[in-house]
Engineer: 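Take a look at this one; I'll ask things after.
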Amino acid sequence: MSEHIRVLLSEEEVDRRIQEIGEQISRDYAGKSVHLVCVLKGGSFFMCELAKRITVPVSLDFMSVSSYGSGTKSSGVVKIVKDLDEPLQGKDVLVVEDIVDSGRTLSYLMEMLRDRKPASLHLCTLLDKPERRVVEVNVDYTGFRIPDEFVVGYGLDYDQKYRNLPYIGIVEFDK
């Protein structure tokens, strides 16, 4: 079975929206610095572009997590594959994620980070699939709300392919 990619959000639309989010974050954090925490791998493309558009001082850190459960269902229990390099205590932290769907893993992750005593903790996602939500997650900055489709590009992959697309596309399988 082969697949092709249908454009959902063009490169220009994504770029324009990231600029708007960067401007909003810059206003919200005026007079402060913001510590961006990227959830690897998918969030790296979005975080790099977002950081370039934030005008207040920015520091960066990365973490990699995997959620595990039975088969393809996430239990929401998070295994930290790569933890943060810096402590969060006293920092204004913004977690940057590529996509929020069920909310299980992110809810667990946000609670874990909250326990590290940041001055503030907020969440920014490029894509949100609210109809897939099973655990409530407060998203402070959202790029786009999208339908329940399998999407790739801008860091999101299908079997490690398509992360490098400069747009968001829907994977469609040829029969």
Side-chain angles (χ1 to χ4, degrees), residues 8-67 76 78-133 135-146 151 153-156 163-168:
L8 175 65
L9 299 163
S10 71
E11 181 176 2
E12 295 76 21
E13 289 173 291
V14 173
D15 190 57
R16 186 171 37 254
R17 185 65 185 125
I18 293 172
Q19 178 66 37
E20 292 168 357
I21 295 169
E23 290 170 359
Q24 183 63 53
I25 290 168
S26 298
R27 284 190 298 273
D28 293 350
Y29 287 87
K32 301 179 182 179
S33 60
V34 62
H35 187 68
L36 302 180
V37 171
C38 176
V39 182
L40 295 171
K41 296 177 183 170
S44 60
F45 287 72
F46 176 43
M47 186 174 84
C48 289
E49 290 301 316
L50 180 64
K52 291 190 299 189
R53 291 162 174 84
I54 296 173
T55 57
V56 299
V58 168
S59 56
L60 309 173
D61 208 344
F62 300 85
M63 73 185 315
S64 180
V65 299
S66 67
S67 61
V78 174
K79 176 184 173 196
I80 298 175
V81 178
K82 184 228 175 288
D83 205 345
L84 298 170
D85 294 329
E86 312 252 336
L88 297 181
Q89 188 167 351
K91 294 181 180 178
D92 290 303
V93 175
L94 181 61
V95 175
V96 180
E97 183 59 288
D98 54 358
I99 190 167
V100 179
D101 54 29
S102 75
R104 282 188 184 105
T105 300
L106 212 43
S107 173
Y108 184 92
L109 180 63
M110 293 297 283
E111 195 56 42
M112 183 186 70
L113 295 177
R114 200 171 283 113
D115 289 343
R116 296 182 183 191
K117 311 260 186 276
S120 67
L121 180 65
H122 294 96
L123 175 60
C124 178
T125 187
L126 179 59
L127 304 174
D128 190 5
K129 285 186 187 179
E131 62 189 82
R132 298 249 320 148
R133 199 83 80 245
V135 176
E136 199 50 48
V137 176
N138 182 43
V139 181
D140 301 284
Y141 304 95
T142 301
F144 301 93
R145 293 191 196 288
I146 62 168
V151 292
Y154 232 88
L156 295 145
R163 282 190 199 278
N164 62 320
L165 294 176
Y167 58 86
I168 304 296

Engineer: Side chains of Leu113 and Met63, heavy atoms from C-beta outward: is any pair under 4.5 Å?
Structural biologist: yes
Engineer: Looking at every non-hydrogen atom in both residues, tell me the closest pair between Pro57 and Lys32 and how far apart they are.
Structural biologist: CD-O, 3.5 Å
Engineer: Are Asp98 and Tyr154 packed together at the side-chain level, in the sense that at least one heavy-atom pair is separated by less than 4.5 angstrom?
Structural biologist: no
Engineer: Report the distance from atom CZ of Phe144 to atom CD1 of Ile18, rounding to the nearest 0.5 Å.
Structural biologist: 7.5 Å
Engineer: When you measure from the side chain of Thr125 to the backbone N and O of Leu127, does any donor-acceptor pair fall under 3.5 Å?
Structural biologist: yes
Engineer: Within the 4.5 Å heavy-atom criterion, are Arg53 and Asp15 side-chain neighbours or not?
Structural biologist: yes
Engineer: Report the C-alpha distance between Arg17 and Leu9 in whole Å, list the side-chain angles of each, state the deciding distance to 0.1 Å, and finish with yes or no for side-chain contact (heavy atoms from CB on, under 4.5 Å).
Structural biologist: CA-CA 10 Å; Arg17 185 65 185 125; Leu9 299 163; over 6 Å; no
Engineer: To the nearest 0.5 Å, what is the distance between CG on Leu8 and CD1 on Ile168?
Structural biologist: 7.5 Å
Engineer: Determine, step by step, whether Tyr29 and Ile54 satisfy the side-chain contact (heavy atoms from CB on, under 4.5 Å) criterion, reporting the C-alpha distance in whole Å, the side-chain angles of both residues, the deciding distance to 0.1 Å, and the verdict.
Structural biologist: CA-CA 9 Å; Tyr29 287 87; Ile54 296 173; over 6 Å; no
Engineer: Heavy atoms, side chains only, cut-off 4.5 Å: are Glu136 and Asn138 in contact?
Structural biologist: no
Engineer: If only atom types and distance count, is the side chain of Lys129 paired as donor or acceptor with the main-chain N or O of Ile99 below 3.5 Å?
Structural biologist: no
Engineer: Look up atom CD in Glu49 and atom CD in Gln19, then write down how far apart they are to the nearest 0.5 Å.
Structural biologist: 10.5 Å
Engineer: For Ser120 versus Asp92, what's the shortest heavy-atom pair and its separation?
Structural biologist: OG-OD1, 2.6 Å
Engineer: Could you pull out the closest heavy-atom pair between Asp128 and Pro130, with the gap in Å?
Structural biologist: O-CD, 3.2 Å
Engineer: Using 0.5 Å steps for rounding, measure from the OG1 atom of Thr105 to the NZ atom of Lys79.
Structural biologist: 13.5 Å
Engineer: Check for a donor-acceptor pair, side chain of Arg133 on one end and backbone N or O of Gly103 on the other, with a separation under 3.5 Å.
Structural biologist: no
Engineer: What's the spacing between Glu97 CD and Leu40 CG if we round to 0.5 Å?
Structural biologist: 9.5 Å
Engineer: Quick check: does any side chain N or O of Ser107 sit under 3.5 Å from a backbone N or O of Arg104, one acting as donor and the other as acceptor?
Structural biologist: no
Engineer: Please check: side-chain N/O of Asp140 versus main-chain N/O of Leu123, any donor-acceptor pairing under 3.5 Å?
Structural biologist: yes
Engineer: Under the side-chain contact (heavy atoms from CB on, under 4.5 Å) rule, what do Val37 and Leu88 come out as? Steps first, then yes or no, please.
Structural biologist: CA-CA 10 Å; Val37 171; Leu88 297 181; 4.2 Å; yes
Engineer: State plainly whether the residues Arg16 and Glu13 are in salt-bridge range, i.e. N to O under 4.0 Å.
Structural biologist: no
Engineer: Quick one: closest heavy-atom pair of Ser59 and His35, and the distance?
Structural biologist: OG-ND1, 2.6 Å
Engineer: Under 4.5 Å between any side-chain heavy atoms of Leu126 and Phe45, yes or no?
Structural biologist: no
Engineer: Quick one, His122 with Ile25, criterion side-chain contact (heavy atoms from CB on, under 4.5 Å). Give me CA distance, side-chain angles, the key distance, then yes/no.
Structural biologist: CA-CA 11 Å; His122 294 96; Ile25 290 168; over 6 Å; no
Engineer: Looking at every heavy atom in both Val96 and Leu36, which two are closest together, and how far apart are they?
Structural biologist: CG2-CD2, 4.2 Å
Engineer: Among side-chain atoms of Gln24 and Glu20, is any donor-acceptor pair under 3.5 angstrom?
Structural biologist: no
Engineer: Does the distance from a Lys or Arg side-chain N to an Asp or Glu carboxylate O, for Asp83 and Arg116, drop under 4.0 Å?
Structural biologist: yes
Engineer: Quick one: does Ser26's side chain have a donor or acceptor within less than 3.5 Å of a partner on Thr55's backbone?
Structural biologist: yes
Engineer: Which pair of heavy atoms, one from Gly143 and one from Ile21, lies closest together, and at what distance?
Structural biologist: CA-CD1, 3.5 Å
Engineer: Roughly how far apart are Leu94 CG and Cys38 SG, rounded to 0.5 Å?
Structural biologist: 11.0 Å
